[in-house]
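When reading the values below, keep in mind they use all heavy atoms of this one structure, side chains included, and skip hydrogens, waters and symmetry mates. In this chain, residues are counted from 1 in sequence order.
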Amino acid sequence: MKSSSKNIFIILGIATLAFAGYYFVTQRAVGEPELSSSSLDVMLESTQSFIEYRQTLDQITFDFEIFEDERFRTLRSYSDPVEPKPEGRQNPFAPVGTDGGSVVTSS
């Protein structure tokens, strides 16, 4: 690549970065909300309630000793395993009662 084309690419890159920086700075200034005293009061109340909830949650402790107890460790499941059963018909578009597929009923 020639040095003149390299210089053009560098100048274009610097100009692009400068334009992007200017664009983001001006957009941030335009997008800043106006804060009134009533909106500040609402934000302070919300913050205070958040702090109170956080303090309440910080006081909660969990006791995991029950999981170490022998009675908990010897618990067994007496449930029967559920066996999968076929559902539907082999050909769902066949008329009902024809040889196009058997109708499976669940019990």
Side-chain angles (χ1 to χ4, degrees):
M1 195 184 314
K2 292 183 179 180
S3 65
S4 62
S5 61
K6 188 185 286 187
N7 289 340
I8 290 174
F9 282 123
I10 291 173
I11 291 172
L12 286 176
I14 291 172
T16 303
L17 288 175
F19 177 75
Y22 173 76
Y23 177 77
F24 287 125
V25 168
T26 58
Q27 290 300 318
R28 186 177 302 162
V30 171
E32 290 181 2
E34 294 291 327
L35 296 178
S36 64
S37 63
S38 62
S39 64
L40 286 175
D41 291 339
V42 170
M43 287 187 346
L44 286 174
E45 290 174 13
S46 299
T47 304
Q48 183 62 33
S49 65
F50 177 79
I51 291 171
E52 290 171 1
Y53 289 140
R54 175 63 192 236
Q55 289 172 345
T56 303
L57 290 174
D58 283 342
Q59 295 173 359
I60 295 175
T61 58
F62 295 103
D63 184 18
F64 295 108
E65 281 186 31
I66 189 171
F67 299 117
E68 302 299 325
D69 190 66
E70 186 64 30
R71 292 174 288 183
F72 180 79
R73 289 177 175 237
T74 58
L75 290 176
R76 302 205 191 288
S77 175
Y78 295 103
S79 63
D80 293 329
V82 178
E83 296 177 14
K85 295 184 178 182
E87 295 182 0
R89 305 179 334 153
Q90 292 176 355
N91 183 358
F93 300 107
V96 177
T98 62
D99 200 42
S102 61
V103 177
V104 178
T105 59
S106 59
S107 50

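- Both L75 and F67 belong to a single network of hydrophobic side chains, linked directly or stepwise wherever heavy atoms of I, L, V, M, F, W or Y lie under 4.5 Å apart.
- Separating the CG atom in L12 from the CG atom in N7 is a distance of 11.0 Å, to the nearest 0.5 Å.
- Screening residues 49-58 for salt bridge (Lys or Arg N to Asp or Glu O under 4.0 Å) gives R54-D58 as the qualifying pairs, with residues at least two apart or on separate chains.
- No path of Ile, Leu, Val, Met, Phe, Trp and Tyr side chains, each step under 4.5 Å between heavy atoms, connects Y53 with I60, placing them in separate hydrophobic clusters.
- Residues Y78 and V82 do not share a hydrophobic cluster, defined by chaining ILVMFWY side chains whose heavy atoms lie under 4.5 Å apart.
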